[in-house]
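So you know, we letter chains A, B, ... as the sequences are listed, proteins then strands, and number each from 1.
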Amino acid sequence: MELPSQYNPQTVEESRYQWWEAQGLFQADVDPTRKPYTIVIPPPNITGILHMGHALNNTIQDILIRWKRMQGFNALWVPGTDHAGIATQNVVERALAKEGKTRQDLGRDAFIQRVWQWKEQYGNTILYQLKRLGSSCDWRRTRFTMDEGLSEAVLDVFIRLYNDGLIYRGNYIINWCPRCQTALADEEAPRKDTQGKLYHIRYPIEGQGAGDGGQGKKKSHAPRLTPHAPDFIEVATTRPETMLGDTAIAVHPKDKRYKALIGKHAILPLVNRKISIIADEQVDKAFGTGAVKVTPAHDPVDFQLGKKHGLEFINVMTDDAHMTNVPKAYEGLDRLDCRSKLIVDLEQQGFLGAIDEHQHNVGHCYRCHTVVEPRLSPQWFVKMKPLAKPAIEAVKKGKLKFSPERWTKVYLNWMENIEDWCISRQIWWGHRLPVWYCNNCSQGQGAGDRGQGKIPTHAPRPAPHAPELGVIVSKSKPATCPQCGNVDLKQDEDVLDTWFSSWLWPFSTLGWPNKTKDLDYFYPTDTLVTAQEIIFFWVARMVMAGYFCMKDLPFSNVYIHGTVRDITGKKMSKSLGNIIDPLDIIKQYGTDALRYTLITSTAIGQDIFLSEERFTAGRNFANKLWNATRFVLAAGDAGGEAPAARPESRRDSRRARTDGGVSQAAGPAAITVPDRWILSRLQHTVMAVTKSLDACLFNEAATALYDFLWHDFCDWYLEIAKVQLQHQAPSTKQQETTKAILVHVLETGLRLLHPVMPFVTEELWQQLQHTAHSTQHTDKAVSIMKAAWPKPDKKLIDDEAESQFERFTAVVGAIRTTRAELNVPPDRKPPVHLITQHAALRSFFESQQSLLKTLAGVGEVHVAAKAQKPKDAASAVVDGIEVILPLAGLIDVDKERARKQQQVEELTKHLQQAEARLKDRHFTEKAPAEVVQGARDRKTQLEETLKKTAEHLAVLQAM
RNA sequence: GGGCGGUUAGCUCAGUUGGUUAGAGCGUCACUUUGACAUAGUGAAGGCCAGAGGUUCGAAUCCUCUACCGCCCACCA
């Protein structure tokens with residue numbers, strides 16, 4: 001079959017993928033006779049479109065899966081998607097907004113229906129895109145975090161945790177996004193450095209003659225804070241509007257400035273509420289004025305202080321961050337408008353001190369970037385400390401490993417300081433809490449009554465099995481309230497955090513909570529491949545869920561890859577416009593090129609700085625392989641007229657074609673040093689690639705293959721094969737051997753490369769199956785995917801051939817360099833003299849004459865023990881062989897002389913270094929013997945080379 | 001404020017447990033359109049391994065400090 005001279009991925013990839021799928025090659029089922037290898041995909045959001053991060057992440061997973069599959073494992077890659085609560089709801093809400101509607105207009109049920117509709121239409125886009133990447137997932141098993149089984153798992157684990165006392169409801173300071181109107185986990189409210197202002201406000205002290213609100217006082221910017229008779233206390237805040245909810249002022253107990261005030265009261269300006277002045281060590285004397293206003297309902301630290309000191313909690317904001325429970329003048333104002341108005345009023349009434357510029361970290365909603373409001377709110381929490389315990393142990397005992405290893409510390413550090421997890425979200429899209437309220441029993445503590453007025457604080461429910469009155473946790477709606485028999489029960493309006501379903505992913509996708517054969521066989525999974533951003537969100541929680549639900553860790557290896565950035569180091573993002581779209585790259589360069597370039601661009605766990613030009617390397621490599629195969633196929637066909645040398649049956653052919661059989665079948669006379677060399681190099685490559693993959697050093701595996709296939713195989717062996725194939729003597733046996741080796745080495749190389757570049761390797765491997773010299777390594781392997789992973793054949797490792805061949809290439813290189821440097825016209829073929837004392841080397845070079853002539857472009861080859869010294873000859877010494885190239889009439893004598901001069905200088909320098917080293921007593925006495933010996937050998941060699949080179953310089957100088 | 005990573009050729013990066021003269025790809029320059037491939041071949045130029053100390057016979061590699069870049073975590077109002 002004729003192959004075109006260029007590889008065109010477009011004509012191959014899609015149809016080849018469909019063929020794989022149709023053959024069922026991605027599928028894995030329970031098979032007790034084989035060992036499983038399992039990966040669960042980090043489920044992409046249904047709103048997602050493929051970006052470079054996905055491309056890298058899934059390429060790595062696919063490499064592992066394809067590699068393990070070839071090694072004979074029953075390899076399962078479970079795909080699926082995540083419902084991505086807030087993200088998806090936002091997308092659908094935006095679509096609604098275009099129709100001029102809000103979700104409230106539709107109502108809850110209709111809205112959710114609308115989201116499902118959207119999901120059906122667009123939610124699998126990302127999965128189709130993963131197919132374009134070549135991902136060999138078992139698509140029959142595709143799961144979705146809101147499908148029936150997984151929803152069941154979510155409710156099940158909620159109830160288990162609740163019954164174990166690990167889920168509780170409490171009023172807590174949470175991050176509240178006023179735009180999305182939902183609570184956000186800490187991880188969902190990333191902090192950004194923000195330039196803000198620090199407002200100083202003066203609170204009059206009760207009974208110090210300033211209780212009249214400071215009217216008529218002169219404005220002074222210097223706080224008068226004497227320990228003796230202060231009439232006000234000045235505090236500093238970045239959010240003045242929260243002062244309306246202040247219920248105390250806190251100072252450090254040892255702060256001399258305020259000691260006298262502790263226990264007294266201050267008057268809250270504008271509100272005229274009496275608040276107490278308390279002491280707490282948490283207060284930093286050095287910050288601001290050293291006095292802090294305490295707003296327990298609107299700040300995490302203040303919340304703690306509030307609980308500790310029994311303060312009142314006053315919520316002054318509504319869900320959409322407008323003021324409430326405040327003096328009429330401020331009621332209903334937006335938080336920022338209120339801030340402005342307050343500043344004016346405080347200033348007018350003389351309560352305002354200095355306003356400083358202040359840079360601080362402010363949380364922003366990760367979806368809409370609105371500044372979050374820390375806010376007291378009734379929410380559901382998972383108690384994390386008990387869950388973290390086994391998850392910490394697993395890592396400490398080495399049962400769970402991270403690569404790169406450094407993430408272990410990050411993981412442990414977080415786990416050991418873990419905070420409870422706020423799992424309720426005030427959105428509609430997600431798993432609704434399996435919680436019902438009885439209005440009879442619960443006194444209006446239901447979900448509808450959120451965040452208004454003065455909320456009593458609840459400590460977390462401390463002991464298990466202490467059910468709150470009127471709160472019923474149940475998978476389905478209970479008929480009646482078990483306490484009072486009331487039939488009017490209302491389900492909690494909240495849904496669960498998206499991660500509350502993802503943390504079950506490794507076992508929920510395999511059927512949990514049912515006891516399935518899949519679970520039994522495939523769990524625990526093996527490797528989890530993910531990005532560093534979600535170690536806390538997801539990885540850590542999966543480990544905890546694994547131990548809680550399955551009593552076993554969910555995976556034994558976590559591979560954390562780097563982040564794909566643009567060439568300047570910025571994260572790729574739409575708003576920056578620095579996106580390189582993987583699908584564009586696939587169109588332009590091919591999937592294999594994309595995969596190859598991504599993989600070779602990152603050492604373990606390092607970030608990738610990507611630029612588009614880099615993909616040419618991958619494309620060129622695929623093209624190189626394509627053309628090498630074209631050559632091998634052509635060579636095979638050309639040899640078709642030698643049937644006697646060809647084994648007749650397939651069975652025979654397999655025997656003759658196994659690794660060990662290559663040399664034996666051809667007989668000792670037919671195998672040449674280059675043959676032995678390439679076979680030996682192949683074994684080293686098999687070992688190196690396998691070892692690298694074992695250590696997750698994907699870039700090293702790919703680079704080793706690139707070097708071997710491109711340089712060793714194409715640059716050297718293919719060129720040699722051309723000579724060996726055209727050569728008539730000594731026998732056609734040699735030609736047969738050469739052809740067999742060509743096919744064998746290429747075929748093995750393709751198998752090694754298949755996990756990284758699946759498409760082109762499959763295509764070419766299929767082509768090779770049609771040749772006379774094909775090697776069929778697995779019986780009935782229909783695809784390279786099912787071919788066996790190569791194993792090294794130690795018998796073919798041939799140090800002698802390797803060192804001889806290295807000498808050969810060095811001699812060829814020396815001749816080429818000389819020719820190029822002296823501008824010898826390419827059609828001129830000067831004779832060459834090889835001078836060496838070693839008889840073995842002489843006979844070796846005698847036997848390689850024709851190769852030398854072709855590869856180095858020389859005429860007659862003279863091998864001798866002694867130099868005849870032609871006057872105008874260029875020469876070089878490599879590996880103890882002197883190479884003399886008589887170039888009568890072709891040399892630029894001056895130039896060559898200068899070059900030799902330079903060579904002599906360099907050699908002299910190196911020799912001096914070597915000598916100095918050997919003279920160093922410390923070195924000779926302390927360094928290991930082989931290192932010292934190496935240095936001696938090196939020195940001797942240098943001396944020899946220098947001597948010869950100097951002689952030639954002398955010759956040149958005489959010319 | 002803590003923690004982590006990075007700094008090696010013009011660019012992007014490798015560099016195994018310290019050990020000959022520090023490598024690759026891209027780019028550059030020269031020659032080559034030879035029957036696999038110009039998405040190629042051959043050859044060349046290009047590095048005080050961020051800086052300063054230290055350990056060692058020997059340091060890109062180990063230690064300390066400094067500088068810059070980038071991430072993560074954290075309640076300084």
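- If you measure from atom CG of A:Asn175 to atom P of B:rA74, you get 10 Å, rounded to the nearest angstrom.
- With distances taken from any side-chain atom of A:Tyr706 to the nucleotides B:rG25, B:rC72, B:rC57, the minimum falls on B:rG25.
- Out of B:rU39, B:rC37, B:rA77, the shortest distance to the side chain of A:Ser5 is found at B:rC37.
- Nucleic acid contact class of A:Lys409 (heavy atoms, under 4.0 Å, all strands): sugar-phosphate only.
- B:rC31 and B:rG41 make up a base pair, with Watson-Crick or G-U wobble contacts both under 3.5 Å.
- Across all strands, A:Ala236 comes closer than 4.0 Å to base atoms (heavy-atom distances).
- The C1' atoms of B:rC69 and B:rG18 are separated by 28 Å, rounded to the nearest whole Å.
- B:rA60 and B:rU16 have their P atoms separated by 13 Å, with the value rounded to a whole Å.
- Relative to the side chain of A:Thr238, the nucleotides B:rA77, B:rA36, B:rC4 differ in distance, and B:rA77 lies closest.
- Salt-bridge formation is not detected for the pair A:Lys691/A:Glu700: no Lys NZ or Arg NE/NH1/NH2 atom is positioned less than 4.0 Å from an Asp or Glu carboxylate oxygen.
- Each of B:rA44, B:rA36, B:rA77 was ranked by its minimum atom distance to the side chain of A:Cys714; first place goes to B:rA36.
- A salt bridge does not link A:Asp302 to A:Lys293: none of the charged side-chain nitrogens sits closer than 4.0 Å to a carboxylate oxygen.
- Contact check on A:Lys909 versus A:Glu906 returns no salt bridge, with no Lys/Arg side-chain nitrogen under 4.0 Å from an Asp/Glu carboxylate oxygen.
- Heavy atoms of A:Thr616 sit nowhere under 4.0 angstrom from any nucleic acid atom.
- Comparing B:rA36, B:rG25, B:rC72 against the side chain of A:Ala617 picks out B:rG25 as the nearest.
- Distance noted for atom P between B:rG27 and B:rG19: 32 Å (whole Å).
- Using Watson-Crick or G-U wobble geometry with both donor-acceptor distances under 3.5 Å, B:rG25 finds its partner in B:rC11.
- Comparing the same atom, C1', in B:rG10 and in B:rC72 gives a spacing of 33 Å after rounding to whole Å.
- Pairing partner, B:rC4: B:rG70, with both Watson-Crick or wobble hydrogen-bond distances short of 3.5 Å.
- Distance A:Leu693 CG to B:rU16 P: 19 Å, rounded to the nearest Å.
- Residue-level contact check: A:Arg619 touches the bases, meaning some heavy atom is under 4.0 Å from a base atom.
- Taking every side-chain heavy atom of A:Leu718 into account, B:rA36 is the closest of B:rC72, B:rC4, B:rA36.
- A distance of about 28 Å separates the C1' atoms of B:rG47 and B:rA40, rounded to the whole Å.
- A straight line from CD of A:Gln532 to C1' of B:rC71 spans 7 Å, rounded to a whole angstrom.
- Using a 3.5 Å distance cut-off with no hydrogens or angles, the side chains of A:Tyr203 and A:Asp246 do pair a donor with an acceptor.
- In this structure, A:Arg917 is positioned above the aromatic face of A:Phe923, its NZ or CZ under 6.0 Å from the six-membered ring centre and within 45° of the axis.
- In this structure, the nucleotide among B:rC73, B:rC57, B:rA36 sitting nearest to the side chain of A:Lys722 is B:rA36.
- Note that CD of A:Gln532 is 9.5 Å distant from OG1 of A:Thr530, once rounded to the nearest 0.5 Å.
- When heavy atoms are screened at a 4.0 angstrom cut-off, A:Arg917 is found touching base atoms of the nucleic acid.
- Counting non-hydrogen atoms under 4.0 angstrom, A:Glu925 reaches nothing in the nucleic acid.
- The base of B:rA40 lies outside donor-acceptor range of the side chain of A:Lys624, with no N or O pair under 3.5 Å.
- Distance check on atom P: B:rC62 versus B:rC49 gives 16 Å, rounded to whole Å.
- Closest to the side chain of A:Ala628, out of B:rA36, B:rG19, B:rC57, is B:rA36.
- Closest to the A:His711 side chain, of the nucleotides B:rA77, B:rG43, B:rG25, is B:rG25.
- A gap of 45 Å separates the P atoms of B:rG51 and B:rU33, to the nearest Å.
- As judged by a 4.0 angstrom heavy-atom cut-off over every strand, A:Asp920 is placed among residues touching the sugar-phosphate backbone only.
- The nearest whole Å value for the distance from the CZ atom in A:Arg816 to the C1' atom in B:rA30 is 16 Å.
- The existence of a salt bridge linking A:Arg339 and A:Glu241 is confirmed by a sub-4.0 Å separation between a basic side-chain nitrogen and an acidic carboxylate oxygen.
- Among the heavy atoms of the strands, none lies under 4.0 Å from A:Asp707.
- Contact between the side-chain N/O atoms of A:Asn413 and the OP1/OP2 oxygens of B:rC73 is not found at any separation under 4.0 Å.
- Comparing A:His922 and A:Glu700 against RNA chain B, the residue whose closest nucleotide sits nearer the 5' end is A:Glu700.
- A distance of about 30 Å separates the C1' atoms of B:rA36 and B:rA45, rounded to the whole Å.
- Atom P of nucleotide B:rG27 and atom CG of A:Asn620 are separated by 9 Å, given to the nearest angstrom.
- Distances shown here put a side-chain N or O of A:Arg630 below 4.0 Å from the OP1 or OP2 atom of B:rC37.
- Each of A:Leu942 and A:Trp626 was assigned the nucleotide of RNA chain B with the nearest heavy atom; the assignment lying further toward the 5' end belongs to A:Leu942.
- As judged by a 4.0 angstrom heavy-atom cut-off over every strand, A:Pro374 is placed among residues making no nucleic acid contact.
- One can place CD of A:Glu416 at 14 Å from C1' of B:rG3, the figure rounded to the nearest angstrom.
- Note: CD1 (A:Ile720) to C1' (B:rU34) measures 17 Å, nearest angstrom.
- Both cation-pi conditions hold for A:Lys722 and A:Phe631: the charged atom is under 6.0 angstrom from the six-membered ring centre and inside a 45 degree cone around its axis.
- A:Glu906 comes within 4.0 angstrom of no nucleic acid atom, judged by non-hydrogen atoms across all strands.
- When each of B:rA40, B:rA77, B:rC57 is scored by its nearest atom to the side-chain atoms of A:Trp710, the top-ranked nucleotide is B:rA40.
- Defined by atom type and a distance below 3.5 Å, a donor-acceptor pair is missing between the side-chain atoms of A:Asp280 and A:His252.
- If you measure from atom CZ of A:Arg819 to atom P of B:rU42, you get 15 Å, rounded to the nearest angstrom.
- Nucleic acid contact class of A:Trp716 (heavy atoms, under 4.0 Å, all strands): none.
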